[in-house]
Amino acid sequence: MATLNQARQSNASLNAYRPDYVAVFVGATSGIGEATTRELATVVKKPTIYLIGRNATTGSQIVDELKASNPEGSFHFIQSDVSLLSNVDEACSKIKAHEKAVDLLFLSTGHLHMSKEDTEEGLENNHALRFYSRMRFIHNLLPLLSASTAPPRVVSVLGPGSEGQIDETNFDLKKYWSFLSSAKYAATLNSLAMEHLAAQHPSISFVHVFPGIVNTTLLNKTVGGIVAPVIKFLSRPFSLTSEQSGVWNTFILTSAAYPPAQPRDSARVGAPLVEGVKTAAASTGKIGGGSYLVNYNGADKTQTKLMADYRARGFPQKVWEHTLETFQRVLDPASG
């Protein structure tokens with residue numbers, strides 16, 4: 001766990017640690033993704049940042065503002081509706097054409113549709129954004145992440161701490177769907193996938209983050225009307241500003257508190273720990289174990305008994321096998 005001041009201190013040390021991160025932000029044209037992009041662009045001297053989002057006008061505007069605020073940085077916008085896995089592949093191909101390594105991958109896509117709606121690829125839209133799309137970005141960019149000497153880190157912003165019991169015959173939510181179950185399944189699958197990926201790729205850190213209550217436009221888009229302002233007013237004492245969220249997320253994205261399980265260089269695992277901040281325990285319970293389920297401020301949110309039960313039943317592996325099978329079914333059905 002870090003205080004806001006500790007997070008700011010850590011972020012301020014990034015230039016001395018590494019002034020030239022290559023980062024990919026998926027869902028970066030609003031809310032948490034935008035705020036974190038802006039923070040990283042401020043605290044790193046010569047970042048190369050790819051912003052991926054649907055709104056070309058907003059994306060281009062953010063890029064122009066980032067260039068004006070940090071002329072030494074390199075900023076690129078890729079327009080894409082990443083609810084479609086085929087579009088994820090296209091976006092990743094554009095990054096691969098220009099970069100040999102990616103240091104940071106930040107995933108914060110999603111919305112709060114209250115009813116079930118499938119994409120043209122046959123995946124439930126909420127679930128595609130919260131899980132399959134994110135895993136496809138990770139899958140596609142693993143070679144570039146593995147090539148990083150930063151060391152590399154993947155952060156998925158969603159819902160650690162809200163995992164629950166899920167049915168392995170319903171990973172894709174085809175058998176049963178409800179608004180609440182879709183949120184539980186997405187959170188649980190993200191946590192299980194992060195643990196599996198960290199075990200398979202021990203030179204990369206994988207972090208699943210609960211963002212807290214952040215004052216963004218998402219609530220207005222979801223409920224609208226007079227309800228959103230009322231909810232915002234009631235939650236104000238507990239909510240974060242976008243700027244605060246960006247500071248904490250950048251800390252989690254770069255601090256040595258969340259190292260990979262087997263870094264290439266144990267002396268360089270992230271921005272050096274500031275006073276009062278310790279190396280975090282992974283979801284497996286191991287200090288510095290590579291897979292982390294954390295609160296917005298970096299505090300552990302692992303449901304230890306639940307994750308241990310899933311681990312004993314082989315669920316991390318089962319989730320990833322299902323994910324790869326889904327990729328094949330959606331993107332290459334003729335080979336199935």
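Across all non-hydrogen atoms, the minimal contact from Ala193 to Trp320 is CB-CE3, 4.4 Å. Minimum heavy-atom separation, Ala28 to Ile62: O-CD1, 3.7 Å. When all heavy atoms are compared, the tightest approach of Arg134 to Ser156 is NH1-OG, 2.8 Å. Taking both residues in full, the closest heavy atoms of Ser80 and Ile52 are given as CB-CG2, 4.1 Å, listed atom of the first, atom of the second, then distance. For Pro316 against Tyr310, the heavy-atom pair with the smallest separation is CD-O, 3.7 Å. When all heavy atoms are compared, the tightest approach of Tyr176 to Ser181 is CE2-OG, 3.7 Å.
A single hydrophobic cluster is seen to contain both Leu180 and Leu189, as judged by linkage of ILVMFWY side chains at heavy-atom distances under 4.5 Å, directly or through other members. Each of Met1 and Ile213 belongs to its own hydrophobic cluster when Ile, Leu, Val, Met, Phe, Trp and Tyr are linked at side-chain heavy-atom distances under 4.5 angstrom. Leu84 is not connected to Ile138 by any chain of hydrophobic side-chain contacts under 4.5 Å among Ile, Leu, Val, Met, Phe, Trp and Tyr, and they are in different clusters.
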Any chance you could lay out the side-chain contact (heavy atoms from CB on, under 4.5 Å) test for Leu107 and Val157, step after step, and finish with the verdict? CA-CA 6 Å; Leu107 305 154; Val157 180; over 6 Å; no

Audit row: Ser74, His76, side-chain hydrogen bond (donor to acceptor under 3.5 Å, both in side chains) steps and yes/no: CA-CA 7 Å; Ser74 178; His76 313 274; 2.7 Å; yes

Verdict with supporting geometry, Phe210 and Leu293, side-chain contact (heavy atoms from CB on, under 4.5 Å): CA-CA 8 Å; Phe210 174 68; Leu293 312 181; over 6 Å; no

Salt bridge (Lys or Arg N to Asp or Glu O under 4.0 Å) between Arg38 and Glu65: does it pass, once the steps are laid out? CA-CA 9 Å; Arg38 291 184 184 276; Glu65 292 171 356; 2.5 Å; yes

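Checking side-chain atoms of Glu163 against main-chain N and O of Gln303 turns up no donor-acceptor pair under 3.5 Å. Listed for the Gln79 side chain is a donor-acceptor partner under 3.5 Å among the backbone atoms of Arg54. Without hydrogens or angle criteria, Asn295 side chain to Asn297 main chain gives no donor-acceptor distance under 3.5 Å. Of the possible donor and acceptor atoms, none in the side chain of Thr302 sits under 3.5 Å from a partner among the backbone N and O of Thr304. The backbone N or O of Ser10 sits less than 3.5 Å from a side-chain atom of Ser13, completing a donor-acceptor pair. The backbone N or O of Gly159 sits less than 3.5 Å from a side-chain atom of His208, completing a donor-acceptor pair. Side chain of Asn125 to backbone of Thr119: no donor-acceptor contact under 3.5 angstrom is found. For Glu121 (side chain) and Leu123 (main-chain N/O), no donor-acceptor pair under 3.5 Å exists by modelled atom type. Between the side chain of Asn170 and the main chain of Lys175, a donor-acceptor pair closer than 3.5 Å is present. Proximity of a side-chain donor or acceptor of Thr188 to a complementary backbone N or O of Gly164 within less than 3.5 Å is detected.
Annotation: cation-pi geometry not satisfied between Arg153 and Phe206 (NZ/CZ under 6.0 angstrom from ring centroid, within 45° of ring axis). Remark: Arg313 is positioned above the aromatic ring of Phe315, its terminal NZ or CZ atom under 6.0 angstrom from the ring centre and at most 45 degrees off the axis. Seen from the ring of Phe75, Lys67 does not count as a face-on cation partner, given the 6.0 Å and 45° thresholds.
Lys116 has a carboxylate O that lies under 4.0 Å from a charged side-chain N of Asp118, or vice versa, which qualifies the two as a salt bridge. At a threshold of 4.0 Å, the pair Arg329-Glu325 does not count as salt-bridged, since none of the basic side-chain nitrogens sits closer than that to a carboxylate oxygen. Remark: Lys45 does not engage Asp20 in a salt bridge, criterion side-chain N to carboxylate O under 4.0 Å. The existence of a salt bridge linking Arg311 and Glu195 is confirmed by a sub-4.0 Å separation between a basic side-chain nitrogen and an acidic carboxylate oxygen.
Taken from SG in Cys92 to NE2 in His139, the straight-line distance is 10.5 Å, to the nearest 0.5 Å. Atom CG of Leu105 and atom OH of Tyr50 lie 13.5 Å apart (nearest 0.5 Å). In this structure, Asn140 CG and Glu90 CD are separated by 11.5 Å, a value rounded to the nearest 0.5 Å. The distance from the OG1 atom of Thr250 to the OH atom of Tyr21 is 10.5 Å, given to the nearest 0.5 Å.
Between Tyr258 and Tyr292, the ring planes lie perpendicular to each other; the angle is over 60°, past the 30° to 60° tilted range.
Here the options are Ser191, Ser283, Ser205, the test is side chain to side chain donor-acceptor pair (under 3.5 Å), and the partner is Ser291; only Ser283 passes.
Annotation: Lys286, atom NZ; neighbour count of heavy atoms from other residues, nucleotides and ligands within 6.0 Å does not exceed 12. Annotation: Lys96, atom NZ; neighbour count of heavy atoms from other residues, nucleotides and ligands within 6.0 Å is above 12.
The distance between the ring centers of Tyr132 and His127 falls below 6.0 angstrom.
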